[in-house]
Amino acid sequence: MDNGMKRRSFLAAGAAAVGTALLPQPFAVAAAGSGKKGVMLINRIGPSTSDLYISNADGTNERKLLATPGFDYHASVSADGRTVVFTSERTGDGNSCLYRARIDGTNIQPLLTGPAMDDSAVLSPDGGKLAFVSTRGDRKAHIWVYDLRAGKLKCLTSSAAVAGDPALPDGHFRPAWSPDGQWIAFSSDRNTPWRGHNDGKGWEHTQELSVYVIRPDGSGFRQVAAKEGYCLGSPKWSPDGRRIVFYEITTEGTWGAHRPEYIGKVESQIVSVDFVTGDRVEHTSGPGLKVSPQYVNATEIGYLVKGGADEGLAYVSGTLPVVKRPWLRSPVWTPDGQSVIYQKVGFTVRPLDKPVYSWDSDWEYRFCDVFPVLSRQGRLAITDKQLGHSSIVTMRPDGSDQRLVFDSFGKGLDPVMVAKGLAGAFRPAWSPDGAWIAFGLGGWFQERANHTAVIARVRSDGSAWETLTDGTTNAGFPSYSADGNEIVYRVWGEQAKGLRILNLTTGATRVLTTEYDNLPDWSPDGRLILFTRKTSATNFDVCTIRPDGTGLRVLTTSGSNDGHAVWNPDGRILYNSGEYGFRQEAALYDNTFQPYGQIFIMNADGSGKRMLTDSQWEDSMPLYLPNSVLSQ
């Protein structure tokens with residue numbers, strides 16, 4: 001073995017040095033209920049709590065709105081001011097359904113429930129119809145109308161005259177009734193291309209929205225406002241029905257608007273147009289992320305300043321006082337302009353094994369930290385990222401016998417980066433005999449451009465660890481061959497990219513690919529390596545290749561980013577995809593990367609694709625634990 005590949009001497013971890021303070025909260029994956037096959041673990045990026053509040057328009061007299069709060073958000077108020085319609089996940093974490101209540105928070109009743117994502121509902125001025133966003137039907141976000149008296153549903157945006165190119169984002173959001181009930185305004189990214197952030201170089205997609213109107217019967221569809229390179233979102237009507245107000249942000253800015261490091265730096269403006277002539281008025285200028293506008297009365301427009309020191313409510317003409325209130329989101333003013341309803345979201349970590357809504361009647365879904373992987377001997381390993389140390393933890397599948405086998409602190413990494421989840425020990429991989437766990441150790445995500453990473457492995461009892469690569473590149477995401485003699489991993493850097501295979505006996509490394517490839521996973525039978533490839537400037541796809549470099553197959557072609565793929569024990573592939581587009585206006589999300597990703601499964605040849613989640617959050621990193629494993 002050459003000097004560059006010399007392994008670091010074994011370092012004793014020492015049980016006493018590990019300590020118990022870093023272990024996660026008690027994690028007990030209970031066996032699934034009667035009639036279930038088991039549990040599927042998933043990771044979700046999104047708020048863990050959301051409560052509706054009501055206050056006076058000046059911010060005084062704040063109180064929770066609902067008599068029995070749940071995971072509630074995106075409220076609207078009826079034209080008579082007596083009813084609140086809102087989205088709630090009280091049927092299960094991740095399952096967005098529609099409810100209504102009296103303005104005093106009592107008499108909560110379901111309006112529409114079911115497995116589809118239903119959201120952003122608003123009553124018609126006469127109270128007889130409900131316009132809302134739903135993924136029922138073709139799984140994309142469409143505008144629907146529900147006739148409350150007749151009990152009939154109609155999709156307004158899936159007709160041939162309205163629907164955009166199905167290979168593109170094609171989402172429709174935030175409906176708003178005109179005061180006379182004759183029109184519904186909404187935003188849409190129909191017929192816009194998939195774009196990466198950072199001028200098309202980044203993985204995360206940006207969003208370009210225009211404002212459209214349509215009649216409640218599906219006729220009269222037309223565009224009323226658009227601006228190339230910009231996102232126009234959350235339209236609302238003026239009280240006289242003559243103007244439509246919305247926020248306007250650059251397409252690139254829609255990524256920064258939901259990223260924590262940019263949220264206070266992104267700029268947007270409040271704009272309105274004349275419904276008939278298109279005459280345009282810019283109501284604001286200068287810095288600040290301004291979203292969720294609404295006419296509070298005939299002459300005043302209120303909006304949300306999102307992020308930064310001035311986060312809270314503001315008003316275009318200043319007839320009402322500014323209300324600085326952190327984490328206030330999605331404000332809506334009552335018709336008399338006297339009160340405002342909004343949500344406050346929280347991001348405390350979900351407990352491991354917290355039940356989340358299951359879209360599969362055979363399996364229960366539970367929350368888990370990142371990169372869960374099960375050994376052949378039936379032991380679970382995860383990267384314990386959500387507690388802020390990104391270390392490797394193992395346990396029995398039922399959560400007992402937890403062990404911190406590798407602590408990322410004290411390994412030469414920046415502790416601030418580790419605490420933010422930008423550095424640490426990522427993506428554990430068991431050796432076939434269960435004796436070792438390989439992982440990447442270094443800087444991740446955007447930090448890979450400035451920090452290297454190595455492939456390392458630790459004995460499964462935590463007694464010793466070693467590095468396997470020389471640290472000259474950012475090497476990560478390892479996976480063992482079926483016989484345990486080799487490890488495949490990815491490298492990223494100015495001089496090298498693609499997949500490499502390390503022979504653990506000889507120390508020799510061979511080049512498998514030289515493209516922009518990532519996240520390799522060796523099949524249990526050793527015949528194929530699964531990975532994600534950047535197939536264009538703005539797209540990633542799931543691929544397989546033989547270990548000798550032959551037989552490359554591209555399995556996904558959605559154009560929307562497909563990745564984070566892993567083998568299921570039955571030979572199928574689990575992966576994450578944005579194939580069905582955004583489920584909400586991108587600028588309204590918080591603390592997310594790809595706020596459109598859902599979990600899919602497909603056969604090893606790419607056939608039989610099926611979506612396994614339908615939330616409006618980012619779901620990924622699935623792992624099936626059958627009851628036979630949980631009962632070990």
Side-chain angles (χ1 to χ4, degrees), residues 40 42 44 46 74 87 89 91-92 94-98 112-121 131-146 153-160 162-175 186-194 205 207 209 218 356-361 363 365 539 541-542 555-565 572-586 589 592 594-603 606-620 622:
M40 185 173 76
I42 70 170
R44 173 167 293 153
H74 296 166
T87 306
E89 296 183 9
T91 56
N95 180 219
S96 302
C97 299
L98 302 180
L112 287 169
T113 61
M117 189 215 77
D118 297 327
D119 188 31
S120 301
F132 64 102
V133 174
S134 182
T135 58
R136 61 187 67 214
D138 67 1
R139 306 280 188 154
K140 292 205 169 188
H142 284 288
I143 306 298
W144 289 69
V145 169
Y146 178 43
L153 283 162
K154 180 179 179 63
C155 182
L156 301 185
T157 53
S158 62
S159 67
V162 180
D165 186 333
L168 299 176
D170 198 26
H172 310 78
F173 315 101
R174 294 282 170 171
F186 60 94
S187 63
S188 176
D189 56 14
R190 61 188 297 275
N191 290 334
T192 63
W194 290 106
H205 281 141
Q207 188 181 50
L209 295 171
V356 297
Y357 184 84
S358 173
W359 287 266
D360 188 333
S361 60
W363 295 85
Y365 288 11
N539 185 53
D541 284 306
V542 177
L555 304 180
T556 60
T557 56
S558 70
S560 62
N561 282 346
D562 306 296
H564 287 275
R572 290 186 293 172
I573 295 168
L574 293 157
Y575 67 105
N576 179 263
S577 177
E579 179 176 352
Y580 295 120
F582 287 93
R583 278 150 158 64
Q584 180 56 267
E585 292 179 355
Y589 280 95
T592 55
Q594 300 100 234
Y596 44 76
Q598 303 296 309
I599 297 172
F600 284 68
I601 195 167
M602 64 179 167
N603 296 325
S607 64
K609 294 180 177 70
R610 180 166 64 94
M611 194 166 76
L612 300 180
T613 61
D614 194 4
S615 77
Q616 63 176 284
W617 316 112
E618 181 185 349
D619 291 333
S620 64

Under the ring-ring contact (aromatic ring centres under 6.0 Å, His included) rule, collect the residues that match up with [X], sequence neighbours excluded.
| X | result |
| --- | --- |
| Tyr575 | Phe600 |
| His205 | Trp194, Tyr596 |
| Phe173 | none |
| Tyr146 | none |

Scan side-chain atoms only and decide if [X] and [Y] contain a donor-acceptor pair under the 3.5 Å cut-off.
| X | Y | result |
| --- | --- | --- |
| Ser96 | Asp119 | no |
| Arg136 | His142 | no |
| Thr556 | Asp562 | yes |

Just how far is it from atom [atom1] of [X] to atom [atom2] of [Y], taken to the nearest 0.5 Å?
| X | Y | atom1 | atom2 | value |
| --- | --- | --- | --- | --- |
| Ser558 | Asp541 | OG | CG | 6.5 Å |
| Arg174 | Glu585 | CZ | CD | 6.0 Å |
| Trp363 | Met40 | CH2 | CE | 9.5 Å |
| Ser607 | Arg572 | OG | CZ | 10.5 Å |
| Ser158 | His172 | OG | NE2 | 8.5 Å |
| Thr613 | Ile599 | OG1 | CD1 | 5.0 Å |

Do the side chain of [X] and the main chain of [Y] share a donor and acceptor less than 3.5 angstrom apart?
| X | Y | result |
| --- | --- | --- |
| Asp614 | Ala116 | no |
| Gln598 | Leu612 | no |
| Asp165 | Asp170 | no |
| Lys140 | Pro166 | yes |
| Ser188 | Gly171 | yes |

Going by the rule salt bridge (Lys or Arg N to Asp or Glu O under 4.0 Å), which residues pair with Asp619 if we only count those two or more places apart in sequence or in a different chain? Arg44
Would you indicate whether the side-chain heavy atoms of [Y] and [X] approach each other to under 4.5 Å?
| X | Y | value |
| --- | --- | --- |
| Asn603 | Ile573 | no |
| Ser134 | Asp118 | yes |
| Glu89 | Trp617 | yes |
| Leu156 | Val162 | no |

Identify the two heavy atoms, one from Lys609 and one from Leu555, that lie closest to each other, and give their separation to 0.1 Å. NZ-O, 2.9 Å
Stepwise side-chain contact (heavy atoms from CB on, under 4.5 Å) test for Thr135 and Tyr580: CA-CA 9 Å; Thr135 58; Tyr580 295 120; over 6 Å; no
Sequence neighbours left out, what passes side chain to side chain contact (heavy atoms under 4.5 Å, CB included) with Thr192? Give chain and number order.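 Residues passing side chain to side chain contact (heavy atoms under 4.5 Å, CB included) with Thr192: Pro169, Asp189, Arg195, Glu208.
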Run Arg190 and Thr157 through side-chain contact (heavy atoms from CB on, under 4.5 Å) and show every step you take. CA-CA 10 Å; Arg190 61 188 297 275; Thr157 53; over 6 Å; no
Trace of the ring pair (Phe, Tyr, Trp, His ring centres under 6.0 Å) decision for Tyr357 with Trp359: CA-CA 7 Å; Tyr357 184 84; Trp359 287 266; 4.9 Å; yes
